[in-house]
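In what follows, residues are counted from 1 in the order of the sequence shown.
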Amino acid sequence: MCNVKANFDLVDDTTGQDIPIVHILSDSLGDTASEVVNAAACQFPSESIRIERLAKVSSLEQVRDYLDNLENPNEKTAVFHTIVDARLRADVRRELDHRGIPSIDLMGPAITIMSSLTGEEPKNIPGVIHNTDDRYFRRVEAMEFFVEHDDGRNPQDLNQADVILTGVSRTSKTPLSMYLAFLGFKVANVPLALGVEPPVELLEASPSRVFGLVSSTDVLAAIRQRRLSDDAAFAIAGSYADPQEIDVEQEDARKFMKRLGCIVINTAGKAVEETASEIIEHIESLRKSRQAAARK
């Protein structure tokens, strides 16, 4: 959510100028448009825009009322909309053009292209992405699995995991597990620490499901120092953030990962989404290889 001003904050405190507003109109929740707007906003200086959202749009009258009641109709504004119904979408676009409001239709072109590719007519049902289908229940199950198998808990269930993450402290095991679980993968993570024997179940797991996470010493030291926020904590556990100790930890972890035969991924300087993408690419590549071998 970078660069987006809070909805209630109408004026830029530093310049006294009104902040431009992007209005999101959707016949569902507006999450899709929000993701696009936020991604675009990240390319501009902090707090460059505000976002306002009108969800569950079912008629042109709703849109007209919303626009008529804008606090300042002359402010810099634009509209991004995701409306499935073709007639309502066209009506909204004409209304915005009539008012001279720049707008982007995020749904219409995508539906048109997919219809031409499939040769089928769209369902024109708003919000179907949020339906409680099999993918929804798989995500719920995956999230529950993550909670029960975070930080080395219940290692006896590692054979049930789609993905097993392992690495020393602060290599992003937990946030990465959470993100992958949200995508529907059952993920367990197992910490590696000097002098602590990893669970035997990790050694028995298929290397294709195990991903070893490493990072740079500088990054780990900085993160760990922030965790030891006061002098007393640092005095007790100072070695936790000591670069030399971290070097030893990671060297030991790398040897163990080599023993496992797992894929090793460096998380330094990467967003969780980037690392997750790497893991998913490996999983998909392996799946395709197995399918190709099965066809021979």
Side-chain angles (χ1 to χ4, degrees), residues 1-11 18-42 44 47-118 120-143 178-179 181-184 273:
M1 292 292 183
C2 58
N3 305 331
V4 180
K5 197 76 170 174
N7 285 356
F8 54 80
D9 197 351
L10 303 178
V11 178
D18 289 341
I19 297 174
I21 300 178
V22 170
H23 298 278
I24 292 172
L25 309 182
S26 175
D27 52 14
S28 183
L29 302 179
D31 291 341
T32 300
S34 292
E35 289 292 330
V36 173
V37 172
N38 275 288
C42 287
F44 298 91
E47 299 183 344
S48 293
I49 66 164
R50 288 195 302 121
I51 294 179
E52 299 284 355
R53 188 188 309 200
L54 176 64
K56 299 292 184 180
V57 173
S58 59
S59 69
L60 179 60
E61 286 68 32
Q62 277 181 274
V63 175
R64 284 174 173 163
D65 288 344
Y66 176 78
L67 297 174
D68 287 341
N69 288 303
L70 293 181
E71 196 163 326
N72 179 6
N74 297 317
E75 65 194 346
K76 295 179 182 178
T77 188
V79 169
F80 284 64
H81 58 89
T82 50
I83 297 175
V84 169
D85 183 84
R87 180 175 297 178
L88 179 57
R89 186 167 65 242
D91 288 344
V92 168
R93 188 168 58 245
R94 279 193 295 269
E95 182 69 23
L96 294 168
D97 288 345
H98 175 71
R99 293 174 183 252
I101 300 175
S103 66
I104 299 291
D105 175 9
L106 296 174
M107 189 62 69
I111 290 177
T112 299
I113 290 175
M114 290 186 186
S115 180
S116 66
L117 286 173
T118 63
E120 299 179 1
E121 291 297 314
K123 297 177 182 178
N124 289 333
I125 302 173
V128 290
I129 196 171
H130 298 287
N131 287 352
T132 53
D133 56 10
D134 290 341
R135 289 174 297 176
Y136 170 82
F137 289 112
R138 177 167 176 79
R139 285 198 300 270
V140 171
E141 186 179 0
M143 290 299 292
M178 185 182 299
Y179 183 80
F182 178 75
L183 297 180
E273 294 87 348

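- Rounding to the nearest 0.5 Å gives a distance of 7.0 Å between CG of Leu70 and CD1 of Ile101.
- Arg53 places a side-chain N or O within 3.5 Å of a backbone atom of Leu29 that can act as its donor or acceptor partner.
- To the nearest 0.5 angstrom, Ser26 atom OG is 9.0 Å from Leu54 atom CG.
- Side-chain contact between Ile49 and Val37: present, with at least one pair of heavy atoms (C-beta onward) separated by less than 4.5 Å.
- Under a cut-off of 6.0 angstrom, the local environment of CD in Glu61 is crowded, with over 12 non-hydrogen atoms contributed by other residues, nucleotides or ligands.
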Before giving the answer on side-chain contact (heavy atoms from CB on, under 4.5 Å), spell out for Val63 and Leu88 the whole-Å C-alpha distance, their side-chain angles and the decisive distance to 0.1 Å.
-> CA-CA 10 Å; Val63 175; Leu88 179 57; 5.7 Å; no
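- A 6.0 Å sphere centred on OH of Tyr66 holds more than 12 heavy atoms belonging to other residues, nucleotides or ligands.
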Could you go through the side-chain contact (heavy atoms from CB on, under 4.5 Å) check for Leu96 and Leu67 one step at a time?
-> CA-CA 9 Å; Leu96 294 168; Leu67 297 174; 3.9 Å; yes
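- Between Ala181 and Ala142, the closest heavy-atom pair is O-CB, 3.4 Å.
- With hydrogens and angles disregarded, no donor-acceptor distance shorter than 3.5 Å links the side chain of Ser115 to the backbone of Ile111.
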side-chain contact (heavy atoms from CB on, under 4.5 Å) evaluation trace for Met143 with Met178 = CA-CA 7 Å; Met143 290 299 292; Met178 185 182 299; 4.2 Å; yes
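- If you take CD1 on Ile113 and OG1 on Thr118, they are separated by 12.0 Å, rounding to the nearest 0.5 Å.
- The distance from the CD1 atom of Ile19 to the NZ atom of Lys76 is 11.5 Å, given to the nearest 0.5 Å.
- With respect to the salt-bridge test (charged N to carboxylate O, under 4.0 angstrom), the residues Arg94 and Asp91 qualify.
- Formation of a donor-acceptor pair under 3.5 Å by the Thr77 side chain with backbone atoms of Ile21 is found in this model.
- The side-chain hydrogen bond (donor to acceptor under 3.5 Å, both in side chains) test with Glu95 singles out one residue from His98, Arg99, Arg93, and that residue is Arg99.
- Note that the CG atom of Asp31 and the OG1 atom of Thr82 stand 9.0 Å from one another [nearest 0.5 Å].
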Where do His81 and Met107 land on the side-chain contact (heavy atoms from CB on, under 4.5 Å) test, with the steps shown first?
-> CA-CA 7 Å; His81 58 89; Met107 189 62 69; over 6 Å; no
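- To the nearest 0.5 angstrom, Gln62 atom CD is 10.0 Å from Leu25 atom CG.
- The shortest non-hydrogen separation linking Asp27 to Val57 is CB-O, 3.2 Å.
- With Ser103 contributing its side chain and Phe80 its backbone, the two residues share no donor-acceptor pair below 3.5 Å.
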